[in-house]
Number of protein chains: 6
Amino acid sequence: MGADYLAQRDARRTDFNATIQDYADEVCFGMVWSRPGIDPKLRSMLNVAILTAMGRPNQLRTHVEGALNNGCSVEELREILLHTAVYAGLPAAVDAFRVAEDVISKA
Amino acid sequence: MGADYLAQRDARRTDFNATIQDYADEVCFGMVWSRPGIDPKLRSMLNVAILTAMGRPNQLRTHVEGALNNGCSVEELREILLHTAVYAGLPAAVDAFRVAEDVISKA
Amino acid sequence: MGADYLAQRDARRTDFNATIQDYADEVCFGMVWSRPGIDPKLRSMLNVAILTAMGRPNQLRTHVEGALNNGCSVEELREILLHTAVYAGLPAAVDAFRVAEDVISKA
Amino acid sequence: MGADYLAQRDARRTDFNATIQDYADEVCFGMVWSRPGIDPKLRSMLNVAILTAMGRPNQLRTHVEGALNNGCSVEELREILLHTAVYAGLPAAVDAFRVAEDVISKA
Amino acid sequence: MGADYLAQRDARRTDFNATIQDYADEVCFGMVWSRPGIDPKLRSMLNVAILTAMGRPNQLRTHVEGALNNGCSVEELREILLHTAVYAGLPAAVDAFRVAEDVISKA
Amino acid sequence: MGADYLAQRDARRTDFNATIQDYADEVCFGMVWSRPGIDPKLRSMLNVAILTAMGRPNQLRTHVEGALNNGCSVEELREILLHTAVYAGLPAAVDAFRVAEDVISKA
């Protein structure tokens, strides 16, 4: 997710949230993202779609940033979000466009 | 989705379900799938992830078939479903593996 | 929901499920459906939309039957289900059309 | 949704979000809301229920405003939200009452 | 939920939200929480899991406070939230850890 | 989950589903269920609530069996499911009571 993300995460680390950070490191990064078969760009694009469908705006923001870092273009991002409108419903997509727009405007 | 799928759909067409079939044709196929920017293989892979996350096994079956028809390999399908386990939860992924396995065994 | 529905429900009553039946009777029928302000036809139409959005096909079947009993026409039902396609996504609506079609064909 | 809503939307229009705005215009307004069979007031009331069930507070706000503009009374709105408590759960309804209360207090 | 919670709720009471407050009092407290069979601590722990899975951060905050008041330890809370990561997905759990951390830091 | 469950799972093992089985073994059993802090009975009870809320009947069946094996009584199970009716909605709870009743009748 980039050095900034990890630095911020370390600064927020407490005894309480260490549990979920360590789980995320082991499961996401150790057991899933590091596997061959599909590349990080596709994994990021899938997450944008999944998080839009599930309605998780905080996590979506992080993974829109990740998708752009992993080589997803703004045009691809726009098409993925439009695609979710059909399958996850227009409200999910409208909310996701706002999150993505905000990330893009700050990039 | 292939000629068989369309033939079956036509055979089931009634005055009642014609409304949703026509909507699907216009929206999915006319307004979204035909757009450039991302290709049909990626659209199918996104749908596998979205439908797994949303828990829609009937539609997942159709889109697993579509993904394989659009050039997604069995290995890519397996990696996409494993990826959803982290983000949409293990129960969603286990159910989706069963659906996908059934489609693959009949292919 | 009609006398048949209640007769079937009584026949299935056990010590275990009596808890949820009594809760349903008190909450649904005692505290909500009996209130003035919106009529039973509208309550049924809302339930068709809610259960489509939430992906609960068993309960949707019961409430499609209830909607038709409460004066919702087949045309109104069709329009409600098409409407959900935009807001809850096409997969939810396609699954709901199948359930509704099955109810209508047996009516 | 009223002239204010459309004016605000135009002011926010960018190359990126134009895609979803145009989709919304064509699908919602062109293909669904303009159909006969059920009236705009009922469509708004269905959306209040769907968006409460799906947990989309931003979109719910817009559609509570739309429902009031389309002739839904405050009493009807209250009854719809109470009704969702039974079927979509109390937390969904409590969150939706807060959104609705905020809209009503500013009307 | 404690005297403070109830005092705040009373202060916010209006003709509009009285409907859902009275429903909550009768259903939650009268018909469910007061039943024997499982104790308030377990009910609170179930709610933390349910609200994490359903993505309702406002209600989760209230029920994390309730869980701590009902005797759930911070360690138990942490283990419950980690457990939800497996079944409801990592994004749900990460969001819930943030809510819980904020409650704990203010306690 | 008991020897029968594991024997059945082994018999269904293929190159395809081995991926998710190994993930489940490592994550669920290795990283979560084996942790101290909350006991297996509570973990099972949380899963019953989570899977009811998320609408996953196949996985719910497995975890109702697991809950009974881990010392959850039928009375506790009934109270947990009734509790979910308030927070996840009546349709989720009614569907879950049917699944649980079927498991209990076969035990």
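For clarity, every value in this text was computed on a predicted model and none was experimentally measured. Residue numbers start from 1 in every chain, and the chains themselves are labelled A, B, ... in the order their sequence lines are given, proteins ahead of strands.
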Inset, instruction - Evaluate the side chain to side chain contact (heavy atoms under 4.5 Å, CB included) criterion for residues C/Thr52 and D/Ile50: first the C-alpha distance (whole Å), next the side-chain angles of each, then the deciding distance (0.1 Å), finally the verdict. - result: CA-CA 9 Å; C/Thr52 296; D/Ile50 291 169; over 6 Å; no
Legend entry - Closest-packed option against chain D by number of heavy-atom pairs under 4.5 Å, given C/Glu76, C/Met54, C/Glu75, C/Arg35: C/Arg35
Legend entry - Test side-chain hydrogen bond (donor to acceptor under 3.5 Å, both in side chains) applied to C/Ser44 - qualifying residues, sequence neighbours left out: C/Asn70
Legend entry - Heavy atoms of other groups near D/Asp10 CG, more than 12 under 6.0 Å: yes
Legend entry - Contact leader toward chain C among D/Asn47, D/Ile38, D/Val32, where contacts are heavy-atom pairs under 4.5 Å: D/Asn47
Inset, instruction - Can you check whether anything in residues 77-98 of chain D gets within less than 4.5 Å of chain C, heavy-atom wise, and list it by number? - result: D/Arg78, D/Glu79, D/Ile80, D/Leu82, D/His83, D/Thr84, D/Val86, D/Tyr87, D/Ala88
Legend entry - Partner chain C: residue of D/Arg43, D/Met31, D/Arg56 with the largest heavy-atom pair count (under 4.5 Å): D/Arg43
Legend entry - Shortest non-hydrogen contact from D/Met45 toward C/Leu46: O-CD2, 3.7 Å
